[in-house]
Number of protein chains: 2
Amino acid sequence: MTTIKDIAKAAGVSITTVSRALNGYSDVNEKTRQKIIEIAKQLNYSPNTLARGLVMNKSKTIGLLVSGLTRESAKDNFTFEILSGVNQYVSEVDYDMVLFSTTSTKQREKTYTQLCRERRVDGAILQGIRIDDPYLQEVVESDIPCVLIDIPIKSETVGYVTTDNVLGAKKAVRHLLALGHRDIAMINGYEYAFVSEQRLRGFCEALLEAEVPFREQLVADGAFKEEKAEQEALRLLTCYPEITAFFCASDLMALGAMKAIKKLGKRIPEDVAVVGYDDIILASYTTPPLSTVAQNQFAMGYEAAKLLIEMLEGKATSHIKVLETELKVRESTFKNHE
Amino acid sequence: MTTIKDIAKAAGVSITTVSRALNGYSDVNEKTRQKIIEIAKQLNYSPNTLARGLVMNKSKTIGLLVSGLTRESAKDNFTFEILSGVNQYVSEVDYDMVLFSTTSTKQREKTYTQLCRERRVDGAILQGIRIDDPYLQEVVESDIPCVLIDIPIKSETVGYVTTDNVLGAKKAVRHLLALGHRDIAMINGYEYAFVSEQRLRGFCEALLEAEVPFREQLVADGAFKEEKAEQEALRLLTCYPEITAFFCASDLMALGAMKAIKKLGKRIPEDVAVVGYDDIILASYTTPPLSTVAQNQFAMGYEAAKLLIEMLEGKATSHIKVLETELKVRESTFKNHE
DNA sequence: TTGAAAGCGCTAACAG
DNA sequence: CTGTTAGCGCTTTCAA
């Protein structure tokens, strides 16, 4: 493999000059530069980023740290869209992305901080990490620049991107209220997620606005899982047959709720309406299509990468980005062709 | 950041000894080793993989080169599952994965070979690359070890993993034939894919077996796109109203075909049956659920990574892996509760 | 405008 | 069992 040394020899100059020429420094004779570039091309030269990273002490690489990159998680392709967005921005600014997945048994032995340090990533984006994850604390307290998805921690080196989950939930619940629903149940995610707390708050606030009393027993923990949500929905519908609508903190859980409703022989939306959250691909393909609060995960990934790299280059103005959500009304709440 | 030099000083030994102790060489006094490990832990040492990579001339990193990591491609999460599988194996054997996406404009300027060389990846896995991609040729002819997904190229440094696409297609068509269909149309992918050719072959062979004449005009090019497939299905059904079944070379195209069939007011499967290929998540959620030839993409990714790393370590016996497919019969071909 | 020299953190002969 | 030395490919003072 060609090195700048080879080029230097071929061009009859020093390696210093080659380095400067190739890196676009101004203090190099234009003629020399042309010659060097020409030779580099001929010799099929590729710079060695390892060597460069070693001396410059930065790798132009960021780490994407995700949890749950399993075969099952593909259903809810949240992670994938984040990843696509991150990748998009990162490659626009000529960085690379290395993927760390915390589900893989081997890497469990290492903390996130170690993972990042060893690969000498310049910064990291964290996605799908639970707020009670012990390694999370460690990494945000380290000196590694981090951007978190949906976890509101901010410091000198830490920022986050999220959506307005309170408002998002409100939109969903207001929609149900506007349709006349009063007995609305909520299937929330597990408590170890910031979004769960926020969405619950939105749920409550919307009820308050409409002067509908909040009944705690109508809130269940679906743990962001389809099956768990199905069980909980089944339980709720049985104990509280007055329920006419579900607000679910994720589409996956909404799928579970829909299954439960159908199992009990009830119709959607005539007997029970359902609203989800996320707008996963599946949402528009279910029967009936699922109304949901859409968040643009690709954009979240993109903005996270952008924020991180701005932080790395010292030109981040704010460390926080809050994106918008959009309520998508489909037939699981409302049939307009009756 | 701590280096082995710091450890050496603290332990009162040479850096060589530290290196050896930490890397588990046998020729180091057990007591010394313990002391060194202890100090390393105290000092919160993380090895610098850049430095190690530089001197050892290998990075313990592989590149995953994919095309089409766009927001739209999430629907068909083929890429994501491959990625998950690759990541799984890679982390089991303590490698890292860096992602190169060819859609991102910036990287288009660089050939795949350059991408790999610059990051000094030890090898690469290529997915979703068209066989007429000019950079593909270059990279397989380079000295970079490669494993291709669904592209049958084999050499000293190149291997591939695929499924038996001829057989897969046969299974699907035999199923249709067994149900009594004789006028079967096929919506194939674009020709720049190995799998298209193979699936067409399977289609023909199955017809031959059943002594049903092959009619070329019943084969359309859906380009692996939902919309294009819909158009083509519409055209076929209009020109050849005798068609009672579609075999589609991807589920995405099958979705398109189903739309077309519904538009014409025909029922699935009573009037027209549909079989897809891939078994994407959506397949079981369509109305009616889609019969399809399932391939385990997670396994494909996993096996590709395994093959690549075996090749890197010189212990690959074969450079080819062919995985199995499975026909999943759902209601788009057959209703058993009539 | 150019070159010599040092050094990033690590591994690998080689010698003791 | 341990240390000395050289060097991976590159950037960066400092001098010329």
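Per chain, numbering begins at 1; letters A, B, ... match sequence-line order.
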For this session: Supply the atom-to-atom distance B:Leu83 CG to A:Leu99 CG, rounded to the nearest 0.5 angstrom.
Result: 6.0 Å
Seminar exercise, completed: Only residue of A:Thr163, A:Thr162, A:Asp150 satisfying side-chain hydrogen bond (donor to acceptor under 3.5 Å, both in side chains) with A:Gln295 is A:Thr163
Exercise. Are B:Thr32 and D:dT2 close enough that a side-chain N or O sits under 4.0 Å from OP1 or OP2?
Worked result: yes
Problem set entry | Rounded distance (Å) that lies between atom P of D:dG9 and atom CZ of B:Arg120 | 8 Å
Exercise. Could you state the CD-P distance from B:Glu30 to D:dT2, rounded to the nearest angstrom?
Worked result: 10 Å
Exercise. Could you state the CG-P distance from B:Leu22 to D:dC1, rounded to the nearest angstrom?
Worked result: 17 Å
Seminar exercise, completed: Checking C:dC14, C:dT2, C:dC10 against the side chain of A:Thr17 (C-beta onward), the nearest is C:dT2
Exercise. For DNA chain D, whose closest nucleotide is more 5', that of A:Leu50 or that of B:Asp27?
Worked result: B:Asp27
Exercise. Please give, in whole Å, the distance from D:dT11 C1' to A:Ile4 CD1?
Worked result: 8 Å
For this session: Return the value, rounded to whole Å, for the distance between atom CD of A:Gln34 and atom C1' of C:dT1.
Result: 16 Å
Problem set entry | Length of the CD1-P vector between B:Ile15 and C:dT11, whole Å | 9 Å
Seminar exercise, completed: Between CG of B:Asn23 and C1' of C:dC10 the distance, given in whole Å, is 9 Å
Problem set entry | B:Tyr25 side chain near D:dT2 phosphate (N/O to OP1/OP2, under 4.0 Å) | no
Seminar exercise, completed: Interatomic distance, OG@A:Ser67 vs CZ@A:Arg130, rounded to 0.5 Å, equals 9.0 Å
For this session: Determine the contact category for A:Asn57: base if any of its heavy atoms lies under 4.0 Å from a base atom, sugar-phosphate if only primed atoms, P, OP1 or OP2 are that close, otherwise nothing.
Result: nothing
Exercise. Does a nitrogen or oxygen in the side chain of A:Ser19 sit under 4.0 Å from OP1 or OP2 of D:dC10?
Worked result: no
Exercise. Any side-chain N or O of B:Thr3 less than 4.0 Å from the OP1 or OP2 oxygen of C:dG9?
Worked result: no
Seminar exercise, completed: Checking C:dC10, C:dC8, D:dT12 against the side chain of A:Met56 (C-beta onward), the nearest is D:dT12
Exercise. Can you check the B:Lys58 NZ to C:dC10 P distance for me, whole Å?
Worked result: 17 Å
For this session: Keeping the roles fixed (side chain from A:Ser59, backbone from A:Arg120), state whether a donor-acceptor pair exists under 3.5 Å.
Result: yes
Exercise. Any side-chain heavy atom of B:Val66 sitting closer than 4.5 Å to one from B:Phe100?
Worked result: no
Exercise. B:Asn48 side chain N/O closer than 4.0 Å to the phosphate oxygens (OP1, OP2) of C:dC8?
Worked result: no
Exercise. Between B:Asn29 and A:Arg52, which is nearer to the 5' end of DNA chain D once each is assigned its nearest nucleotide?
Worked result: B:Asn29
Exercise. Just checking, is any N or O donor in the side chain of A:Thr16 or A:Ser19 under 3.5 Å from an acceptor N or O on the other one?
Worked result: no
For this session: Tell me which nucleotide among C:dT11, D:dG9, C:dG3 gets nearest to the side chain of A:Thr16.
Result: C:dG3
Exercise. Which nucleotide in the set D:dT11, C:dT11, D:dG3 lies at the smallest distance from any side-chain heavy atom of B:Val55?
Worked result: C:dT11
Problem set entry | Nearest listed nucleotide, side chain of B:Arg20, among C:dT2, C:dA13, C:dC8 | C:dA13
